[in-house]
Structure formats: structure tokens, C-alpha cells
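The structure appears right after this line, and notes come after that.
Protein chains get the first letters and strands the later ones, always in sequence-line order, with residue 1 at the start of each.
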Amino acid sequence: MEKKFVMHFPPVLVDKPIISTIVRKYNLEFNILKAFVSPEEEGTLVIAFSGEEKNVFDAVEELKSKGVKIQLIESDIRMIKERCTDCSVCIALCPTGALYLNRNTYEVKFEPEKCIACELCIKGCPTNAMISTI
Amino acid sequence: MKTIREINEKIKRGEVVVLTADEIIELKKSTNVKKLAKEVDVVTTGTFGPMCSSGVFLNFGHSKEKIKMGGGRVYLNNVPAYSGLAAVDVYLGATALPDDDPRNTKYPGEFKYGGGHVIEDLVSGKEIELVAYAYGTDCYPKKYLKTKITINDINEAILFNPRNCYQNYNVAVNLSNKTIYTYMGVLKPNLGNANYCSAGQLSPLLKDPYLKTIGFGTRIFLGGGIGYVCWWGTQYNPGVKRRENGVPTIPGATLALIGDLKQMKVEFLKGASLTGYGTSLIVGVGIPIPILNEEILNWVSIPDEEIYAPVVDYSYDYPNSTGNILDYVNYSQLKSGKIKLMGKEIPTGSLSSYKKAKEIAEILKKWIESGEFLLTEPIFYFPGPESGYKFKPMKEV
């Protein structure tokens, strides 16, 4: 199974190799969708873990016990292509490049794997082509 | 030198040469202007973006017991229409909202359904609830009416847009430190994104910068059907500063457009919800430009790289009409996906669909090639830069 999470690392944890230890221990594949450290040195990571279900959740529990705050990304963002006019106003809002414009065909494309469900596209789409299902 | 009459003769004989603005730009790179001006008869353009000054005139026909909606109130799917006309004529504008829409009380408002959406539903043939309240007269006694209509049941449905097809438009950015919700879309703080709204090198009025071929009566592609230019648009501003190639550096000319809604298509007329702002109508327009001489050929071949748009801050400068322009960027830069502004690289998004604009230019090209669409000689031309005609700010007392 694959699950996406938003993780907040307090400043004391930012420089520790926590994720690499955890993914090895629980035999997980990971994909970092977004990462940044704020001026206050708090780290934010949007990451997808894939592996056995029990391992994914045990890994999350262990991270929590170390002081990492974790939110599971539960909502599922979808594009209703029939409502999309390929205007591209969403692509400059999307923080991960999940929405992008094919600059040969000028068609707007959506890659759900890269989506972190920030829902900015839902607010930004004039034709209500982006929807959230939970 | 050619005339519109000569071009129409060629259309009728099936000999007309039509290119889209995208195609002529490519061709001009390798062909001499004289030769192209001689061989190409028509260049088609296209645009597809939200145009708030749009709406429809509707005539419902009379109920058995007659009602005078004029002076009363009329709702279509709960959206109010203007009824200050004769008994059963109304005008429904794109930005009209249901009386009970929360608007921005829960900021930013969603504006899921308004006049633009009713127009889209009409065009798609959906049933619309019509409710009218009247005061009753001797000749029009009925005081309340509730029924369902479709576009096929009513008499006239005329799309009449007082301002469409802006010649160039602002690129909107946000210099403040909070997200703002504008008619140019959601703008992230601290120059988080830059939104533009023009098809650039395909956009009709950028290809005939002085409106030398477009005027009252020009036949056009409107919302998937045929329409006409029926006046210059509101806020028409021909005297703006231009670059050497004639293209205005800020929004300049506009057009008023009219057409029979019954022959339009939902693919080219769509309701829009602009979060925190309101509803609108996304309108597809294509205008054919007859290549009467080399000067016109040069204008239609102006590429994205040579069309500059002003970058404007929508957090302070736009709402307070400061007139401040942060910079100018060209449509080639805008279409690349990022621009550089104040030392920062900013992702760009467009409210206008270039893909749809291309489709419109292609459809119009096919209509002309097949002989079903003839060009028109304008009945009169609109005021030019020399006229002194100006877009004035409001006089406030």
C-alpha cells in the first residue's frame, strides 16, 4: 500500500537522519513530494511511504514517538476532464507540479501521484474541474 | 491590394487561402511579405477566456393569463434577471448571483452558480426554472408565475456582450503577504504566481491593432456559432500608448458582440466561478482578418515575442487605481511558464485557454474554406487613436 503524509520536524530533529533509519527498519519505499525548512528551522516534508500496511503504520507511530507531527493526506483530488477548458490558471498555483501544461498540445494534465491535496487548484479553477473526494 | 468583395468571390469559388494567426507567423519566417500578402486571403484568430460583460436577452412568450414581468422580479434557476423591459423580455448578465448566495460573507466565497452558469445551462438545452413576481395590471393580471423552460421553448435568446475581446490585458501579481482572490484568479502572496488572460499572438484585436478591418457589422465566430460585432466595446480606449508595431502596451480596444444563442455550443460558452470574486462567462470568439495589403499582413504576423503586457499588482495598485505598472513581459515569456520580476522567478498561469483559442481559429478557418462563412465589409469603422476617444475614470463628488 501507499500512503502520503505531511510531516513536521521540530528544530531539534531537523538535522537527524530519522527518515532513512525508519525506511530501512520497516522496509519501506519512499518518495519525497515536497520538503522545506522554515526560517525558524522547522522542517516540513510531504512524503509517500509504500510497503506492507502494518509497516507503514508502525513507521508512522515510531516517528510520532520521536516528536515528529504527522498528518495523513486523506482527501483524494480528482480532475474532471470534461469540465476542464485547459486554461492553465491552476498550474501556477500547484506547489508540486502535479498539474502541468503540455507545452506542445497546450493541454492541462494532472498526475495524482504528485498531489499533496493542498486544494489550491479547487479554489483556483474557474470551471470547477478539480474536486476533492474524501 | 485586395478587396473583401474579391476575397468573398474566392471563397465562393473554393479558391480562398486561409491560415490561422499561428500558421502565418511560422510561414512569415521563411516567406517574403509581398508574396504572402498576395497569396494569403484571410487569417483567423481566436480567444477563449472569462468575459464578465456578457449576457443574454430572452423573450419567454406570454403565459395564458398574461403577466408583466417589467417592473417586477424575475429569476432563472434562482438567479435574478433584469426585467425593466417589456412584459416578457429580460436580460440576464454573467455576474448575476442568487439573492441568497452567501457571496464573500464566508471569505473567500465560492460562487458556484450565477448568470454565466444559467447561460451555459440554456445553451446545453437543460431545463431552467423560471419564477416571476409582478404587481398585476388590467391587461397583465397575473402576479406570480413558476414554470420550466428550455432554450427551445422560448422565442428569442440573444447573446449580447457589451465588452469582449480586450486588446491586451494585465498580468496580475500579488505583492502583499497574504493570498488574494481576484477576477484574475487566486494570487499567492509575495509574487507567488502571475496570471494573464490573453491568447497573445492568436488574440483577435492584437492582430489588427488599429481595427482597420474590424468594425460595425463584422461577422465573427461567437460561442461556437456565428455572431457580429455590433459596436465598439465599453471602456474602449484607442489612444493608449503603443509599441512601434502598433500593439497597445496596456488594455486598449474592446468590442460589443451579438449573436443568436440558439446556434451556439456549450464547448465555447461556459459559466465560470472565480473564488472570492464572483461568476462570469467564458466566451469563445474568433475574428477573420482579411489580408487586404502588406500592412495588415505585417500586423497579423506579430509574434508572441513582440506583444508585451503590463504586470500589475492586484493587492494595492489595481484596487486603488494607482496606474503603477511593475514591468512589461511578452507573451512568449508568459507562455513559457515563468517570468522574471523584481529578481524573482514566478510561475505563470493563464485564465484564457490557448488550446481552445487554437481550436476556434481552426474552426473558423474551415468555415471559410468550405464556403459557409463569408467576410463582411464593416458598415462603419470605430474611433481610432487620432479621434481622441478615451476611457475616463469615474467622476466622484
Side-chain angles (χ1 to χ4, degrees), chain A residues 6 33-40 42 44 46 75 77-112 114-134, chain B residues 22 48-50 108-113 116-117 120 172-173 179 181 183-188 191-197 199 202 266-282 284 334-339 346-359:
Chain A
V6 182
L33 299 160
K34 197 176 181 182
F36 59 90
V37 176
S38 73
E40 293 77 35
E42 197 197 60
T44 300
V46 182
S75 59
I77 307 295
R78 292 202 196 142
M79 174 191 256
I80 307 173
K81 196 64 207 174
E82 307 81 71
R83 285 196 209 156
C84 172
T85 65
D86 298 291
C87 75
S88 86
V89 80
C90 57
I91 62 165
L93 291 171
C94 180
T96 61
L99 282 158
Y100 65 96
L101 186 67
N102 177 325
R103 293 194 187 269
N104 295 316
T105 61
Y106 288 94
E107 195 176 339
V108 174
K109 297 276 193 184
F110 179 53
E111 277 181 23
K114 288 192 185 162
C115 174
I116 58 168
C118 71
E119 304 198 349
L120 264 177
C121 56
I122 296 179
K123 284 199 176 116
C125 178
T127 54
N128 303 315
M130 301 305 295
I131 59 160
S132 160
T133 52
I134 299 173
Chain B
D22 275 349
F48 185 83
E110 291 188 324
F111 304 103
K112 287 289 180 208
Y113 197 85
H117 300 94
E120 177 182 334
V173 295
T179 299
Y181 300 88
Y183 71 90
M184 289 298 286
V186 181
L187 297 173
K188 295 202 272 188
L191 299 173
N193 56 333
N195 286 350
Y196 65 102
C197 189
L202 255 189
V266 73
E267 293 83 13
F268 298 103
L269 222 45
K270 278 206 177 310
S273 303
L274 296 157
T275 301
Y277 180 74
T279 62
S280 189
L281 184 70
I282 305 175
L334 287 164
K335 287 179 188 171
S336 77
K338 43 187 185 285
I339 56 167
I346 308 167
T348 58
S350 173
L351 276 162
S352 170
S353 170
Y354 195 56
K355 185 168 178 270
K356 283 277 195 182
K358 276 165 126 28
E359 263 177 62

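With a 4.5 Å cut-off on non-hydrogen atoms, Ser273(B) touches chain A through its backbone and its side chain both. For a residue to count as touching a neighbouring chain, one of its non-hydrogen atoms must lie under 4.5 Å from one of that chain's; by this rule Tyr277(B) does not touch chain A. Contact annotation for Ile346(B): neither backbone nor side-chain heavy atoms come within less than 4.5 Å of a heavy atom of chain A. Heavy atoms closer than 4.5 Å to chain A are found in the side chain of Pro108(B), but not in its backbone. Within the 4.5 angstrom heavy-atom criterion, no atom of Leu101(A) approaches chain B. When heavy atoms are compared at a cutoff of 4.5 Å, Cys125(A) approaches chain B solely by way of its backbone atoms N, CA, C and O. In this structure, the portion of Thr348(B) lying under 4.5 Å from any heavy atom of chain A is its backbone and not its side chain. In this structure, the portions of Lys112(B) lying under 4.5 Å from any heavy atom of chain A include both its backbone and its side chain. Proximity to chain A is limited to the side chain of Phe48(B), based on heavy atoms less than 4.5 angstrom apart.
Separation of atoms SG (Cys87(A)) and CG (Leu351(B)) is listed at 6.0 Å; rounding is to 0.5 Å. In this structure, the separation between CZ on Arg83(A) and CD1 on Ile131(A) is 6.5 Å, given to the nearest 0.5 Å. How far CD1 of Ile91(A) is from CG of Asn193(B): 10.5 Å, rounded to the nearest 0.5 Å. To the nearest 0.5 angstrom, Cys94(A) atom SG is 11.5 Å from Tyr100(A) atom OH.
Dense packing is recorded around CD of Glu107(A), with more than 12 heavy atoms of other residues, nucleotides or ligands lying under 6.0 Å away. The local environment of CZ in Arg78(A) is sparse, with at most 12 non-hydrogen atoms from other residues, nucleotides or ligands closer than 6.0 Å. In this structure, Lys123(A) places its NZ atom where only 12 or fewer heavy-atom neighbours from other residues, nucleotides or ligands lie under 6.0 Å away.
Counting heavy-atom pairs under 4.5 Å between each of Leu274(B), Thr279(B), Val186(B), Thr179(B) and chain A puts Val186(B) at the top. Contacts with chain A were tallied for Lys270(B), Lys335(B), Lys356(B), Met184(B); Lys335(B) has the most, counting heavy-atom pairs under 4.5 Å. Counting heavy-atom pairs under 4.5 Å between each of Ser280(B), Gly271(B), Ser336(B), Gly185(B) and chain A puts Ser336(B) at the top. Between chain A and the residues Pro347(B), Ala194(B), Ala357(B), the largest count of heavy-atom pairs under 4.5 Å involves Pro347(B).
Formation of a donor-acceptor pair under 3.5 Å by the Asp86(A) side chain with backbone atoms of Ser353(B) is not found in this model.
Side chain to side chain, Tyr183(B) and Asn195(B) fail the donor-acceptor criterion of an N or O pair below 3.5 Å.
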